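In what follows, a single structure is set out as structure tokens and then discussed.
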2 protein chains.
Amino acid sequence: MLANQGSTAKIVRPTTLRESVLERILELIIIGSLKPGQHLVENELADNLGVSRQPVREALQLLSGEGWVDLRPGHGAYVHAPTVEEADQLLAVRTLLEAESARLAARNTDKRDISALRDICMRGLAACLADDVDAAVVANSELHTAVVNMSGNRVLADLTSQVARRVRWYHTPVARHRGKASWEEHAALIDAIESGEEDVAADIMRRHTEHTRQSYLESRAQHPEEEPPAPIRRRRPRAVSS
Amino acid sequence: MLANQGSTAKIVRPTTLRESVLERILELIIIGSLKPGQHLVENELADNLGVSRQPVREALQLLSGEGWVDLRPGHGAYVHAPTVEEADQLLAVRTLLEAESARLAARNTDKRDISALRDICMRGLAACLADDVDAAVVANSELHTAVVNMSGNRVLADLTSQVARRVRWYHTPVARHRGKASWEEHAALIDAIESGEEDVAADIMRRHTEHTRQSYLESRAQHPEEEPPAPIRRRRPRAVSS
DNA sequence: GGAATGTATGCTGTAGGCAGTCGACGACAA
DNA sequence: TTGTCGTCGACTGCCTACAGCATACATTCC
């Protein structure tokens, strides 16, 4: 829902090999090539990416810090498989954080920021009416990021980003479910922020993200088959020989 | 303010060498042997801890994920030096999270939990009256942890723990500042949780943590000399020779 | 036939080592 | 004296290699 932006105290310049490895692995997780619960064998990743195990290991350590993979000492790394319950809790926290962001944004309202918000909102609505789901998702992400940045609380912004990213998957179906109504809520939110109505802004954002949460839950309830986080397998079937 | 409890998706069994290295380094940071802004030279740590650079590197990666150290590619790891502003923002977020925890705790109230809370509260007050600051700090930590766990939202609990830990330092002076009044607030909070008054519980918690935040800020304002996060030095003064 | 044990194998955890890179210091010129 | 360039040292980033461990399969015993 939010664009990638580094957490508070992470890596600054993306120059190293482990950084590019991290990006690659993350991409594979996001697009689903690496499935939830899947065991990430260091050698395989290293071979596929054309590097040694070392940068792969370090990338996995960093990814664990962001909640993308779980490390099991002696067993290696596994793609984190969020349960419905965890996703629900993540979204509940996101609601809390973003509502506060909206409140603070209304408090620190700034004309330039407002016009930027309106621009994004227009684009989002246009994309929505044109049935361009991808563009709508991007605009949605930008809008929420912009609001949370307007809060002026960097910690809040980082945490929101982190939480939002951890929900991942199924954003597009969720976005498809709602559509135009969502952008009307965004417009109302911007109005409230502009006029400095803290409580109103917070409340709109709260209900807005709560809607998203409901859509998400319904979406997963309709597709329970997407749930099971792949059983853990360590060894490949032995080669048939002799 | 909260006891250490692993983040959502981290290491499960603390058996490996890098884990013990992590614990050691973390301890050194917490007790202040490694100062904010200090450059953590891998070889030095490795030598001091009697291991090779590898587990040290990995421990540092993991610590960066928890916000304890900053990684600068090509430069290594530095002990994270939170500014007053960042600490303030962290505490603001903590207020938000803990207020919500209290609300949810009131919603899911349970008799056994309540009596556990009262026990902790009694101990805390006793410690406070006996001027046993350490015991009071521990009890305070336990109480907040218990409440946040009562919320039933694991993500919320983990995030709160993470945020609270990142403030670190100066907890004791803060605890000293307030004392008895703090425990009266705790008692009122427990009453509200027991009777299921969500709004009241949330409000008490909000004001309570806000008090702590104020105390913290005053404490740092009075000791500005503790602030400067040590300038970055990479090399030791060259040995005088020839 | 089933269960316990032995064995093999793949994987992780750790060590050691080399090359690249960044920053500091010193020399030289203006 | 001050600014710029070259050199040097130290540290990181990465690779390779080895040891330990956990799991799965095969064998043996009951």
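Model, not experiment: these values are computed from the prediction. In what follows, every heavy atom counts, from backbone to side chain, and hydrogens, waters and symmetry copies are set aside. Numbers restart at 1 for each chain; the letters A, B, ... are given by sequence-line order, proteins then strands.
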I'd like to check the side-chain hydrogen bond (donor to acceptor under 3.5 Å, both in side chains) partners of [X]; sequence neighbours left out, ordered by chain and number.
X	answer
A:Ser151	none
B:Arg24	none
A:Asp113	none
B:Glu58	A:Arg57, A:Gln61, B:Arg18, B:Gln54

Length of the line joining [X]:[atom1] and [N]:[atom2], which is rounded to integer Å:
X	N	atom1	atom2	answer
B:Leu71	D:dC11	CG	P	17 Å
A:Asp70	C:dT12	CG	P	15 Å
B:Leu40	D:dA10	CG	C1'	16 Å

**Study point:** Residue-phosphate contact under 4.0 Å: B:His39 side-chain N/O, D:dT12 OP1/OP2
**Key:** yes
Pick out the pairs of N or O atoms, protein on one side and nucleotides 13-15 of chain D on the other, that lie under 3.5 Å.
| from | atom 1 | to | atom 2 | distance (Å) |
| --- | --- | --- | --- | --- |
| D:dG13 | OP1 | B:Gly74 | N | 2.8 |
| D:dG13 | OP2 | B:Arg57 | NH1 | 2.9 |
| D:dG13 | OP2 | B:Arg57 | NH2 | 3.4 |
| D:dG13 | N7 | B:Arg53 | NH2 | 2.9 |
| D:dG13 | O6 | B:Arg53 | NH1 | 3.0 |
| D:dC14 | OP1 | A:Leu17 | N | 2.4 |
| D:dC14 | OP1 | A:Arg18 | N | 3.4 |
| D:dC15 | OP2 | A:Ser52 | N | 3.1 |
| D:dC15 | OP2 | A:Ser52 | OG | 2.7 |

Practice item. List in chain and number order the residues that pass side chain to side chain contact (heavy atoms under 4.5 Å, CB included) with B:Ala135, two or more places apart in sequence or in another chain; answer none if no residue qualifies. Key: B:Ala127, B:Asp132
**Study point:** From B:Tyr78 atom OH to B:Gln38 atom CD, the distance as rounded to the nearest 0.5 Å
**Key:**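 Nearest 0.5 Å value for the OH-CD distance: 11.0 Å.
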Review point. With sugar-phosphate meaning primed atoms plus P, OP1 and OP2, does B:Leu60 contact a base, only sugar-phosphate, or nothing at under 4.0 Å between heavy atoms?
Key: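 Counting heavy atoms under 4.0 Å across all strands, no contact is made by B:Leu60.
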